[in-house]
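Written below as structure tokens is the structure these notes are about.
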Amino acid sequence: MLVPGLAPHDAVSNDTLGMTRALRAQGHEVVVFAPHARGVDEPIRAPAEIESWLQSPADAIVYHYCVGWDFALALFGRTRARRVLRYHNITPPEFFAEWSDGYVAACAEGRGQLDAYAALNCELYLGCSPYNLDDFLARGVDPRRCALLPPFHEVEQLRSLAPSAGRLPRGEPLLLMVGRLAPNKAHVDLIDALAALRAMGADAAHLLSAGKLDPNLSRYGEALEQHLHRRDVEDAVTLMQDANGAELRAAYERADALVMLSRHEGFCVPLIEAMALGTPVIARASSAIPWTLGEAGLLFDEADPHTIAAAVLRVQRDAALREHLRAAGRARYASTFAPAVLERDLATALTQVAAR
Amino acid sequence: MNPDRQDDYLERVKAEIRLEAEAARERAPLPRRDPPPRAAKAAVADGIERERLDYAIGELTGPHYIAFVDHVFRAILKRPPDDAGATLQLRLLAAGAPKAEVIGNLRWSPEGRRVGTRVRGLLPRYALAKLARVPVLGYALQWSLAFAGLPLLLRHQRAADTSTAAGFTAVADAQRDNVRRFDEAQAAHQALSAEHDRRSDELRGEIRRLQLRVDDLEQRAARLEDRAHALELRSDSLEGRAGAVAHELVDLRHYVHAANHWVASLQRSLAELEDVAANERERADAFAAALPENPSSAAVRRDRHAEWSAALAQHLPPSARVLDLGSGDGAWLAALAARGLDASGVEANAHLLERAPQARIAQGDPAATLVRCADADLDAISLGVDAFVGAESARIDALHHARRALKPDGWLALRCEREPYRLGEGGDLDAARWSAWLVAAGFRAPEILRDGDAALVLARRTADESARA
């Protein structure tokens, strides 16, 4: 298992560690190689050791591709072991053009390696979503070498936590957004929707955003604050950058809806968290979101503020719709994203690798 | 509900939501605030007032040339000018285009339209500037405007002349002022140069002093190095001597070992000699025991023993316990028993024991018997001196043990009557020497009963430990 880095509460790290545990449970010997790691309960070895650890062409490397990393690309180019490219997607650099040259360069470098990986004809391209697999199918990768496997996650752990609502705001309705503060997450559209809600008479509406702001995107953070001021909703927005698991659990419970207007997601783990915890979802139909959400939420092609606001009010006031969305969410989670399902799908996908 | 019906349900809900949204959009458009004060504060950093979208044309036309273009870019497009755009507009200005045309070019460019900055009073001026560029018509229009505005132009010309003259005056004043300030600056510069020279001299002097100090330190370091070298040599010398001493110690250890061997060998030789002497004595005892005793000598001994036993018995209570060490043929023990004393004896020589009729003589080593006696257990101890021949230390030890085994005020009797152990001056059994040993061992000054060469030494045990010490 090769990954550029491991950290707590990180989607790629959760997928790496969950996949590691599942493979071990299926009888495989698995070692995680990463250049750096913090806060994870797993022995980590240096990537430089990976080639000496591999003993046979029958062994496999699962590389979690989420950034540009020359080491991994070079390794995939020369190794005799079987190669599984676990693709989490990379945000297009255009989203960061106004905000951070560093992000632009990093994202461009990451996406710039897509062609190279497609040309390597890896034994398996394992996408978190059909949207992710499209990146390789569009580059001519044989569909028989592609497989779909949603990411392993910590939803069950989240579900087992006792909620802690002490620091959470109240709102009538309360909108929840989970995800880092980044341009592709379209917090601006959320703020507009909140402003529209208040203009439509929901004076007590409140937006709770749980997610961190990277200091390298401080200009984006300032722009968000200015936008809050411009929309006159500063008092109606809580940006929690240090929410813990128990608080997140409580937020899902308290929120009237998870409102996900992100413009680019490779999978969007908060959607399945909301589905598992029974929180109705209202989302923009962008990137991987339509597949992840399925019919378990209200999807809109546009993120028109009044449309989103009207949807929130409808969910708040329509108990039947609310219950319908909750039931659909739980059903989709159980059928597609539950850990047992993922373990089964992983085993199935690996049979493709074993056949090569 | 089947999936299709679910889809229908959600689609219907979404359609209703869109309708509600449409109505709400009409009824309650999004609120929009004026540019926030902190946004204006933020604009100070790069000279761009991003929130401000409304200007009067007079606010933009004040600066000239590059400053004008830069200002207009930041006001209209909310960004600094790019090189190509700025060059284009500067060329226009250089070609005589009015500022309104530059402002209008930016305002109605695609980027300017997106930004949407409003400039009050710009539109007619910009239209006029554009009309002036229409061939023939534009030329005629400019002629007409110039002709119509000729009086105004003349007034402006006169005003410009006056302004220019005023400007020249101001320039001349400024030049004079500059000359004065230059002179002042030059004077200040000269003063600074002088100060600089002075400080430089001081620094050079300081550097020389430091150099001398460094030289001195170097010399001291060299001396210290020499001393360290000398110490190193001495250390080497000491190490050499220590090595020699170590060798000597090794030799000395060999010598000591050799001496130990020699002493051990000597001790073995002495022990062998003592064994020979003991054997000789035992043979002599056996020979003596084999000889029939002379009747006159036996009578003499009997009388002597009667006298001596009486002398001892007078100091002792009736039936006092007496131990006789070196009993010989038991004649002396019989004399003691005849005095009513509870006497028992120990004799090492089996030949002599054969001649002893008494049953109370046990065969054994007298010295070992004395050592095993209990403390303060006996009223009297009789010691045949010939039983304690050998080293002086053995005799002294016997006296100490005798004192320990005697009761307080108990008596010690030293019996000397067999050849060659006579008591005499300068002899092996010197009376004075025995007296000194007895006192040292804790007995009072002895009483000596002589009978020719034979003698009985009677000494009383002291009760006072301090006196013995």
Side-chain angles (χ1 to χ4, degrees), chain A residues 98 189 191-203 219 222-223 225-234 236 280-283 285 293-318 320-325 327-328 331-332, chain B residues 1-54 73-74 77-82 110-112 114-118:
Chain A
E98 290 182 65
D189 295 339
I191 293 167
D192 287 348
L194 178 69
L197 256 176
R198 298 184 82 177
M200 290 162 68
D203 294 334
R219 286 177 55 201
E222 291 167 9
E225 286 186 16
Q226 289 182 5
H227 196 66
L228 285 171
H229 188 78
R230 184 187 300 162
R231 291 299 189 205
D232 197 16
V233 292
E234 292 162 300
V281 178
I282 298 167
L293 189 58
E295 294 294 328
L298 291 174
L299 271 173
F300 295 94
D301 292 331
E302 71 285 12
D304 169 65
H306 287 90
T307 304
I308 301 300
V312 171
L313 288 175
R314 179 66 183 265
V315 168
Q316 184 197 14
R317 293 166 184 169
D318 188 339
L321 173 62
R322 211 161 51 234
E323 196 49 45
H324 174 85
L325 293 175
R332 177 150 179 76
Chain B
M1 200 180 282
N2 65 45
D4 290 341
R5 288 188 60 192
Q6 280 188 22
D7 290 351
D8 290 345
Y9 171 65
L10 288 181
E11 286 307 316
R12 185 163 49 78
V13 168
K14 288 200 280 189
E16 291 169 3
I17 288 170
R18 287 194 181 95
L19 283 175
E20 286 174 32
E22 200 59 42
R25 191 174 296 111
E26 297 296 323
R27 191 175 66 244
L30 274 184
R32 185 183 181 112
R33 270 187 142 190
D34 288 337
R38 60 179 162 182
K41 197 194 310 174
V44 172
D46 55 3
I48 298 173
E49 297 177 286
R50 288 190 170 78
E51 303 303 320
R52 186 176 176 189
L53 295 171
D54 189 2
F73 262 88
R74 292 174 191 270
L77 302 183
K78 304 301 178 192
R79 67 172 173 84
D82 56 288
E111 184 182 357
R114 280 201 302 277
V115 176
T117 306
R118 182 185 170 206

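Chain A is the first sequence line, chain B the second, and so forth, proteins listed ahead of strands; every chain is numbered from 1.
Between L10(B) and L321(A) the shortest side-chain heavy-atom distance falls below 4.5 Å. In this structure, the side chains of M200(A) and E20(B) stay at 4.5 Å or more apart for every pair of heavy atoms.
Neither the backbone nor the side chain of A309(A) has a heavy atom closer than 4.5 Å to any heavy atom of chain B. Neither the backbone nor the side chain of I308(A) comes within less than 4.5 Å of any heavy atom in chain B. Of the two parts of E302(A), only the side chain, counted from C-beta on, holds a non-hydrogen atom closer than 4.5 Å to a non-hydrogen atom of chain B. For chain B, the nearby part of D304(A) is the side chain; its heavy atoms alone come within less than 4.5 Å.
Within the 3.5 Å criterion, the main-chain N or O of A28(B) finds a donor-acceptor partner in the side chain of H306(A). With hydrogens and angles ignored, the 3.5 Å screen pairs no side-chain donor or acceptor of K14(B) with any backbone N or O of F300(A).
The heavy-atom pair separating D318(A) from Y9(B) by the smallest distance is OD2-OH, 4.5 Å. Between I17(B) and T307(A), the shortest heavy-atom contact is CG2-O, 3.5 Å. Closest non-hydrogen pair, P29(B) versus A199(A), comes out as O-CB, 3.9 Å.
Within a 6.0 Å sphere centred on CZ of R317(A), other residues, nucleotides and ligands contribute 12 heavy atoms or fewer.
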